[in-house]
Amino acid sequence: MTATKTKTDSSFCSGTRARIRATARDVAARVPDAAETVKTSAVDAYRLVDTMPRSQRRQLTAISLALGAFLFLFGAPRILSLLAFIPALAVAGTKVAQHRAA
């Protein structure tokens, strides 16, 4: 009975390893596409924020910071609080990029 169990366990492990390898190959094949998508999205967001009037950027930053702080203080999930801060970070990133360019 132990020989049968060992053989079954071994085939299960082999099947699991094969699935892990296949998944790893799929992920490795998709990483370049995902990186390009993220880069394109970041450049588009930079252009959008860069073309906003200064007053609109200030309002966007204030609303983002207030919403993020509100969500954090009232116990919202951390990921939700972090997502609320993204517009403020985008505005700050464009401001830093403008100062470096000048």
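Being a predicted model, the structure only gives us computed values, none of them experimental.
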Show me the side-chain donor-acceptor pairs of residues 41-55 shorter than 3.5 Å, one per line, residues at least two apart or across chains.
from : atom 1 : to  : atom 2 : distance (Å)
S41  : OG     : T37 : O      : 3.0
D50  : OD1    : Q98 : NE2    : 2.4
T51  : OG1    : R47 : O      : 3.2
T51  : OG1    : L48 : O      : 2.9

Which atom pairs, donor and acceptor, lie under 3.5 Å between side-chain atoms of residues 63-73 and protein residues at least two apart or in another chain?
from : atom 1 : to  : atom 2 : distance (Å)
S64  : OG     : A84 : O      : 2.5
S64  : OG     : A88 : N      : 3.2

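Remark: I86 engages L83 in a side-chain contact (heavy atoms from CB on, under 4.5 Å) (not counting sequence neighbours).
For residues 81-102, the set of pairs meeting the ring-ring contact (aromatic ring centres under 6.0 Å, His included) definition, not counting sequence neighbours, is empty.
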